[in-house]
Number of protein chains: 2
Amino acid sequence: MARQSETEKSLCNCTALRKATRRVSQLYDSALEPCGLRTTQRSILMQIARSGRPPPLGELAEALVMDRGALTHTLKPLQRDRLIEIRIDPEDRRNRLVALTAAGRKKIAESTALWKRAQAGFETAFGVAKSAALREALEFVVSEDFVAAFNRRSDAKHA
Amino acid sequence: MARQSETEKSLCNCTALRKATRRVSQLYDSALEPCGLRTTQRSILMQIARSGRPPPLGELAEALVMDRGALTHTLKPLQRDRLIEIRIDPEDRRNRLVALTAAGRKKIAESTALWKRAQAGFETAFGVAKSAALREALEFVVSEDFVAAFNRRSDAKHA
DNA sequence: GACGATTACTTGCATATGCACACATATCAT
DNA sequence: ATGATATGTGTGCATATGCAAGTAATCGTC
């Protein structure tokens, strides 16, 4: 008797992603808790480390698929805890270079064992191969190609 | 010459999810912008509608894979804008029943055309079948089975 | 029928994010 | 040089979330 809308599950891809992210973030954050880092914070520190040099804020934001302003805010706690340092680029004084401190590197090391446990939990539960496939799918969603295709379709707006 | 950690991509499933969610949320929110709802807000209204009756806050939070406290906060703007109403359950005065108002239903209707465009953009870019598969994968990640399996593995803690 | 345990929320505090607007610095055409 | 532009950030405001501690209402039990 119930109308369809009252019983069917949500088909929204965005909602599905947000739900899953809430759940998984809770699990990873819980695992990381002993080291005092959140997943987001660790991902920022790791991205800086992977850059091999202190990246300008904009580049870091882009790598993290994050708004510049949002990143500025998010860096505050890390800066306060002396895990990172923000310097003005002498080459171009508009740039802010985000650098890991010694404490930052140490914190990464400290968090890695905890992260591995969470990651192992995920891969055990979801499957190693399926996890890799999922990451690949999500990477595509984040790519320029995806965004372009998305907009090409929905730009059938009223522009 | 670069150390591996400086060049390899992140393998963190949680980070991958968060990145993708940021991107996709931006796209959907942008599409929904004309109606004044965010994806999260729309997903809340839709979940209430699907319930078929005003659900207690806790049940709503669970359906949305969201913390109760977080949901309480998130409902504030919707309540302020009179899209929902929160009533005390006469059957059990501890419960808060979250009900759609007429304006809420109207807002859902208003947002649906916009949502469909965003959803179509996603499905065009990612593929209809792959989208369905992705949602299914994400649904599993959200399930109790997944959480149980995740914890079984990572509970090799020091408890 | 009062007391302790349980359940359902609310609040306060902190981080996570995005957007629009204000600022500073760099570039470039004239 | 100089003003118009372009670029890279910082800030303020609003929503999104989670957790811990406090509060209210219910229940089970003696």
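Chain letters run A, B, ... following the sequence lines, proteins first, then strands; residues in each count from 1.
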Contact list for DNA chain D against residues 76-85 of chain B - heavy-atom distance below 4.0 Å: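 Under 4.0 Å from DNA chain D: B:Pro77, B:Arg80.
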Sugar-phosphate, base or nothing in reach of B:Thr72, heavy atoms under 4.0 Å: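 Answer is base: heavy atoms of B:Thr72 come under 4.0 Å of a base.
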Distance in angstrom units between B:Asp29 CG and C:dC19 C1', rounded: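 My rounded result for the distance is 11 Å.
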From A:Thr21 atom OG1 to B:Arg22 atom CZ, the distance as rounded to the nearest 0.5 Å: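 Reported to 0.5 Å precision, the distance equals 9.0 Å.
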Listed partners of B:Thr40 passing side chain to side chain donor-acceptor pair (under 3.5 Å), at least two apart: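 In terms of side chain to side chain donor-acceptor pair (under 3.5 Å), with neighbours along the sequence ignored, B:Thr40 is linked to A:Arg18.
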Whole angstrom value for the distance that separates C1' of C:dC9 from CG of B:Leu97: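 Result: 12 Å.
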Side chain to side chain donor-acceptor pair (under 3.5 Å) against B:Glu59, all qualifying residues, sequence neighbours excluded: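 B:Glu59 satisfies side chain to side chain donor-acceptor pair (under 3.5 Å) with B:Arg53 only.
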Donor-acceptor list for residues 76-87 of chain B side chains, cut-off 3.5 Å, not counting sequence neighbours:
{"unit_1": "B:Glu85", "atom_1": "OE1", "unit_2": "B:Arg87", "atom_2": "NE", "d": "3.4"}
{"unit_1": "B:Glu85", "atom_1": "OE1", "unit_2": "B:Arg87", "atom_2": "NH2", "d": "3.4"}

Pairwise 5' ranking along DNA chain D for B:Leu75 and A:Ala70, keeping only the more 5' one: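 With B:Leu75 and A:Ala70 compared, the 5'-side residue is A:Ala70.
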Qualifying side chain to side chain donor-acceptor pair (under 3.5 Å) pairs with a residue from residues 61-74 of chain B, counting only residues at least two apart or across chains: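 Residue pairs with at least one partner in residues 61-74 of chain B: there are none.
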Segment of DNA chain D, first to last nucleotide, that comes within the 4.0 Å heavy-atom reach of chain B: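 Contacts span D:dT15 to D:dT26, reading 5' to 3'.
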Listed partners of B:Ala63 passing side-chain contact (heavy atoms from CB on, under 4.5 Å), at least two apart: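 Only B:Gln47 meet the side-chain contact (heavy atoms from CB on, under 4.5 Å) criterion with B:Ala63.
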Which residue lies more 5' along DNA chain C, comparing B:Gly69 with A:Asp67 via nearest heavy atoms: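 The residue mapped nearer the 5' terminus is B:Gly69.
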For atom CD of A:Glu62 and atom P of C:dG18, their distance in whole Å: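 A:Glu62 atom CD is separated from C:dG18 atom P by 13 Å.
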Listed partners of B:Ser111 passing side-chain contact (heavy atoms from CB on, under 4.5 Å), at least two apart: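 If we apply the side-chain contact (heavy atoms from CB on, under 4.5 Å) test to B:Ser111, skipping adjacent residues, the hits are B:Leu32, B:Cys35, B:Leu37, B:Arg42.
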Test of ring centre spacing under 6.0 Å for B:Phe146 and A:Phe122: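 Here the rings of A:Phe122 and B:Phe146 have centres that are less than 6.0 Å from each other.
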Pairing residues for A:Asp92 by the side chain to side chain donor-acceptor pair (under 3.5 Å) criterion, not counting sequence neighbours: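 Per chain and number, A:Asp92 pairs via side chain to side chain donor-acceptor pair (under 3.5 Å) with A:Arg94.
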Residue pairs fulfilling side chain to side chain donor-acceptor pair (under 3.5 Å) with at least one residue in residues 124-136 of chain B, sequence neighbours excluded: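 Applying side chain to side chain donor-acceptor pair (under 3.5 Å) to every pair that reaches into residues 124-136 of chain B, excluding sequence neighbours, yields A:Asn13-B:Arg135, B:Glu123-B:Arg135.
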Return the polar atom pairs (N/O with N/O) between nucleotides 5-8 of chain C and the protein under 3.5 Å, or none.
{"unit_1": "C:dT7", "atom_1": "O4'", "unit_2": "B:Arg94", "atom_2": "NH1", "d": "3.1"}
{"unit_1": "C:dT7", "atom_1": "O2", "unit_2": "B:Arg94", "atom_2": "NH1", "d": "3.3"}
{"unit_1": "C:dA8", "atom_1": "O3'", "unit_2": "B:Asn95", "atom_2": "OD1", "d": "3.0"}

B:Glu139: partners by side chain to side chain donor-acceptor pair (under 3.5 Å), with sequence neighbours left out: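 Applying side chain to side chain donor-acceptor pair (under 3.5 Å) to B:Glu139 gives A:Lys9.
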